[in-house]
Amino acid sequence: MVKNLNRKQQAKVIRAFRRVHRAMGATLFVFFFVIAASGFFLGWKKNSFGIIQSYTQQGTSKELKDWLPLDSLKQQAFFYIQKEVKDGQSLEIKRIDVLERKGVVKFIFTDYYGLQLDGSTGKLLLLERRFSDLIEEIHDGSALDTYFNTSGNPIKLVYTTVMSIALLLFTITGFWLWLGPKRMRKRN
């Protein structure tokens with residue numbers, strides 16, 4: 001279809017693509033900036049010298065048979081979070097990571113705090129603010145679902161859908177804005 005367009009029709013298509021490209025860029029600029037900046041930080045999180053994502057500590061034993069029961073470790077995590085964090089920390093655990101090869105259990109709380117406990121002794125190895133989790137939620141839009149306390153992540157779904165379609169349209173219109181003039185010059 002595109003091959004059969006005359007020069008005037010091709011110019012009209014290019015102008016339409018340029019309008020779509022410009023309108024999307026102006027409308028979604030802030031969102032693309034947030035995605036790019038947060039994506040940059042997520043890409044560097046393991047190489048940030050412990051600033052964005054803390055290093056995993058080393059426990060005393062890698063043998064699960066030497067470890068305390070998970071329920072006991074969970075109670076220790078609650079004890080430490082209540083003792084160390086005084087700002088009304090939520091005791092809701094978002095995730096528990098068992099890292100057998102390091103001898104560590106990580107408890108990640110919903111308010112972006114994390115604890116690393118020695119699996120054998122239950123000793124607190126690290127208490128941290130989990131900036132990487134916050135950055136990830138900003139990146140994928142789920143931070144708004146957290147803020148507004150929505151269920152099912154509807155904001156994240158709309159956000160990622162809109163931004164994915166916009167990126168696809170940017171790719172198509174940008175490619176045509178590059179190719180279209182080349183084709184027009186070639187025809188002359």
Side-chain angles (χ1 to χ4, degrees), residues 28 30-168:
L28 300 173
V30 171
F31 297 109
F32 279 115
F33 182 81
V34 168
I35 289 172
S38 60
F40 172 81
F41 289 119
L42 288 174
W44 278 91
K45 71 182 179 182
K46 291 189 184 224
N47 299 328
S48 67
F49 306 103
I51 297 169
I52 298 172
Q53 181 175 348
S54 296
Y55 297 114
T56 301
Q57 305 299 302
Q58 185 67 48
T60 54
S61 175
K62 298 177 185 178
E63 299 294 325
L64 290 177
K65 63 180 176 56
D66 298 333
W67 284 24
L68 295 172
L70 192 56
D71 190 50
S72 297
L73 292 168
K74 183 178 175 183
Q75 293 308 313
Q76 284 292 103
F78 287 146
F79 169 76
Y80 286 123
I81 200 77
Q82 289 173 327
K83 178 181 172 192
E84 302 293 332
V85 180
K86 306 289 188 218
D87 63 358
Q89 168 64 33
S90 167
L91 294 181
E92 185 180 345
I93 294 177
K94 183 178 185 179
R95 180 174 89 233
I96 300 172
D97 294 341
V98 176
L99 302 169
E100 183 179 0
R101 71 186 189 296
K102 290 282 199 168
V104 171
V105 179
K106 292 183 179 181
F107 291 87
I108 293 94
F109 292 85
T110 56
D111 290 347
Y112 309 110
Y113 276 99
L115 294 172
Q116 293 183 29
L117 300 181
D118 184 310
S120 297
T121 65
K123 178 183 167 200
L124 178 65
L125 300 174
L126 178 73
L127 170 67
E128 65 176 328
R129 284 295 267 179
R130 295 200 35 109
F131 295 112
S132 61
D133 291 350
L134 176 60
I135 293 168
E136 186 176 321
E137 286 190 11
I138 290 169
H139 184 75
D140 70 9
S142 59
L144 294 173
D145 284 313
T146 300
Y147 181 77
F148 291 114
N149 198 25
T150 60
S151 62
N153 293 324
I155 298 171
K156 174 186 175 180
L157 292 174
V158 169
Y159 177 75
T160 55
T161 301
V162 167
M163 297 310 292
S164 298
I165 291 170
L167 185 57
L168 180 63

- Message: If you compare all heavy atoms of L124 against all heavy atoms of L127, which two are closest, and at what distance to 0.1 Å?
- Response: CD1-N, 4.3 Å
- Message: So, taking the atom named NZ in K62 and the one named CH2 in W67, what distance separates them when rounded to the nearest 0.5 Å?
- Response: 11.0 Å
- Nearest heavy-atom pair of F32 and A166: which atoms, and what distance? CZ-CB, 3.9 Å
- Query: Does any non-hydrogen side-chain atom of F41 lie less than 4.5 Å from one of I138?
  - Reply: no
- Atom CD in Q116, atom CG in L125: separation rounded to 0.5 Å? 6.5 Å
- Note on the structure: Applying side-chain contact (heavy atoms from CB on, under 4.5 Å) to E100 and not counting sequence neighbours gives L64
- Query: When rounded to the nearest 0.5 angstrom, what distance separates CG in L42 from NE2 in H139?
  - Reply: 6.0 Å
- Message: Enumerate the side chain to side chain donor-acceptor pair (under 3.5 Å) contacts for residues 40-53, please, sequence neighbours excluded, ordered by first and then second residue.
- Response: none
- Quick one: closest heavy-atom pair of A77 and L115, and the distance? O-CD1, 3.1 Å
- Message: Quick one, Q75 and D71 - any side-chain contact, counting heavy atoms below 4.5 Å?
- Response: yes
- Item | Interatomic spacing from NZ in K94 to CZ in F109 - rounded to 0.5 Å | 13.0 Å
- Message: Treating R129 as the side-chain partner and D111 as the backbone partner, does any N or O pair qualify as donor plus acceptor under 3.5 Å?
- Response: yes
- Task: Could I get the full list of side-chain contact (heavy atoms from CB on, under 4.5 Å) partners for T150, not counting sequence neighbours?
- Result: D145, F148, P154, I155
- Partner set under side-chain contact (heavy atoms from CB on, under 4.5 Å) for T60, not counting sequence neighbours: D118, S120, T121
- Look up atom CD1 in I135 and atom CG in D140, then write down how far apart they are to the nearest 0.5 Å. 12.5 Å
- Could you tell me whether the side chain of L73 reaches within less than 4.5 Å of the side chain of F107, counting heavy atoms only? yes
- Mind jotting down which residue pairs meet the salt bridge (Lys or Arg N to Asp or Glu O under 4.0 Å) criterion with at least one end in residues 34-43? Sequence neighbours excluded, please. none
- Which atom of Y55 lies closest to which atom of L126, heavy atoms considered: O-CD2, 4.0 Å
- Point-to-point distance, once rounded to the nearest 0.5 Å, from NZ of K156 to OH of Y159: 11.5 Å
- Name all residues meeting the side-chain contact (heavy atoms from CB on, under 4.5 Å) criterion together with Q82; count only those two or more places apart in sequence or in a different chain, and write none if there are none. L91
- Message: Looking at every non-hydrogen atom in both residues, tell me the closest pair between M163 and F31 and how far apart they are.
- Response: CE-CB, 3.5 Å
- Item | From K106, K102, R101, residue fulfilling side chain to side chain donor-acceptor pair (under 3.5 Å) relative to T56 | K106
- Heavy atoms only: give me the nearest I81-Y113 pair and the separation to one decimal. CD1-CB, 3.9 Å
